[in-house]
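The structure under discussion appears below in the form of structure tokens.
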Number of protein chains: 2
Amino acid sequence: MTYLFSALADPTRRQIFERLAKGAQPVGKLAQGLPISRPAVSQHLAALKAAGLVTDHAEGARRIYRIDPKGLAAIRIWLDQFWTEALDGYVAEVERSSGDPS
Amino acid sequence: MTYLFSALADPTRRQIFERLAKGAQPVGKLAQGLPISRPAVSQHLAALKAAGLVTDHAEGARRIYRIDPKGLAAIRIWLDQFWTEALDGYVAEVERSSGDPS
DNA sequence: GCTTACAGTAAGCTATGACTTACCTATTTA
DNA sequence: TAAATAGGTAAGTCATAGCTTACTGTAAGC
């Protein structure tokens, strides 16, 4: 989860990711329209890839990046597995401190 | 989203958060069992609070922290709003590159 | 009121993360 | 095969994040 959340913690990286969500793109095209250098984009893509948020494949000289559903799925699983636990705990605490509503 | 993801990106902070998911706790009790100092825990709690992941209230000299559902809800919204877009894009790209399956 | 427990804040240290430029490799095109 | 395009890697810089110790401010207990 650390890689996943770290990857999404950076605004630029989220921007890249959200742009890829609208369609696969090569590195150079991504770099256009971003206020950072192309190598910086490459580094961000490497981070996203390590997190399982994107995949890449060669297409001639270009390298096409696209969303990898694995990453989003992992977050969803974490969240779901968490959701009930956290909310149960929350409700229990609130009830405990505000008197039994039954 | 930046604060939210940054807060969850740190392993220690996630540990604190997940511990709170099992029940509200004062700072000192959280600090016990963690390999870091109590002030460090305070700082982590401040980050979690700023992200909307926890709330606190005074209880005598103690300060009780508990999960704030707002944070998790925000992630869920981000994810949901994203889910369809990303997966639609993904499917569209895959179909485009592997031939029309119809 | 004085002391002890609880916890936030300040200041300083160190490691890491995001960027840059320079470089190298592989593919296309002329 | 030479030139140009596409993009990953290396090395260095600067800012920030996470930690520590020291301090300050409240609430509780004697």
Side-chain angles (χ1 to χ4, degrees), chain A residues 1-20 23-68 71 75 93 97, chain B residues 1-20 23-68 71 75 93 97:
Chain A
M1 286 295 123
T2 301
Y3 278 105
L4 211 40
F5 285 127
S6 299
L8 293 170
D10 184 81
T12 306
R13 221 140 46 207
R14 274 206 313 283
Q15 203 177 331
I16 292 175
F17 180 71
E18 296 179 2
R19 194 170 297 189
L20 286 178
Q25 278 190 10
V27 180
K29 203 156 188 195
L30 277 171
Q32 291 179 278
L34 283 178
I36 57 173
S37 69
R38 190 198 45 72
V41 175
S42 269
Q43 290 161 13
H44 281 306
L45 287 169
L48 289 170
K49 187 178 172 185
L53 285 164
V54 304
T55 28
D56 62 331
H57 71 279
E59 205 159 284
R62 287 191 195 68
R63 194 145 268 270
I64 310 293
Y65 281 83
R66 68 166 48 141
I67 294 292
D68 185 349
I75 297 182
E93 290 298 329
S97 62
Chain B
M1 285 295 121
T2 301
Y3 278 105
L4 211 41
F5 285 127
S6 300
L8 293 170
D10 183 80
T12 306
R13 220 141 46 207
R14 274 205 314 283
Q15 202 177 331
I16 292 174
F17 180 70
E18 297 179 2
R19 195 169 297 190
L20 285 178
Q25 279 190 7
V27 180
K29 202 154 187 196
L30 277 171
Q32 292 179 276
L34 284 177
I36 56 173
S37 69
R38 191 198 43 74
V41 174
S42 269
Q43 289 161 13
H44 280 307
L45 286 168
L48 289 170
K49 186 178 173 184
L53 285 164
V54 304
T55 30
D56 62 330
H57 72 279
E59 203 159 286
R62 287 191 195 68
R63 194 143 269 269
I64 310 294
Y65 281 84
R66 68 167 47 143
I67 295 293
D68 186 349
I75 296 183
E93 290 298 331
S97 60

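Residue numbers begin at 1 in each chain, while the letters A, B, ... track the order of the sequences. Owing to the predicted nature of the structure, the values given are computational and were not obtained by experimental measurement.
Partners of A:R14 under the side chain to side chain contact (heavy atoms under 4.5 Å, CB included) rule, at least two apart in sequence or in another chain, are A:L8, A:P11, A:E18, B:M1, B:T2, B:F5, B:W78. In this structure B:R63 satisfies the salt bridge (Lys or Arg N to Asp or Glu O under 4.0 Å) test together with B:D56, sequence neighbours excluded.
The CD1 atom of A:I36 sits 13 Å away from the C1' atom of C:dG17 (whole-angstrom rounding).
Applying the 4.0 Å criterion to OP1 and OP2 of C:dT20, one finds that A:S37 has a side-chain N or O inside that range.
The two atoms that bring A:L4 and A:A51 nearest to each other are CD1-O, 3.1 Å, heavy atoms only. Scanning all heavy atoms of the two residues, the minimum distance from A:L53 to A:A7 falls at CD1-CB, 3.9 Å.
Taken residue by residue, residues 3-13 of chain A places heavy atoms nearer than 4.0 Å to DNA chain C at A:D10, A:T12, A:R13.
Between the CZ atom in A:R66 and the CG atom in A:L20 there is a gap of 10.0 Å [rounded to 0.5 Å].
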I'd like a table of donor-acceptor pairs (distance under 3.5 Å, sequence neighbours excluded) in which one partner is a side-chain atom from residues 29-46 of chain A, with atom names and distances.
from	atom 1	to	atom 2	distance (Å)
A:S37	OG	A:A40	N	3.4
A:H44	ND1	A:R13	NH1	3.4

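Between chain A and DNA chain D, the heavy-atom contact criterion of under 4.0 Å yields a 5' to 3' nucleotide range of D:dA6 to D:dA10.
Shown here is B:R19, whose CZ atom has more than 12 heavy atoms of other residues, nucleotides or ligands within 6.0 Å.
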Practice item. If a protein heavy atom is under 4.0 Å from the base, mark B; if only from the sugar-phosphate, S; if neither, -; do that for nucleotides 3-15 of chain C going 5' to 3'. Key: ---SBBBB-----
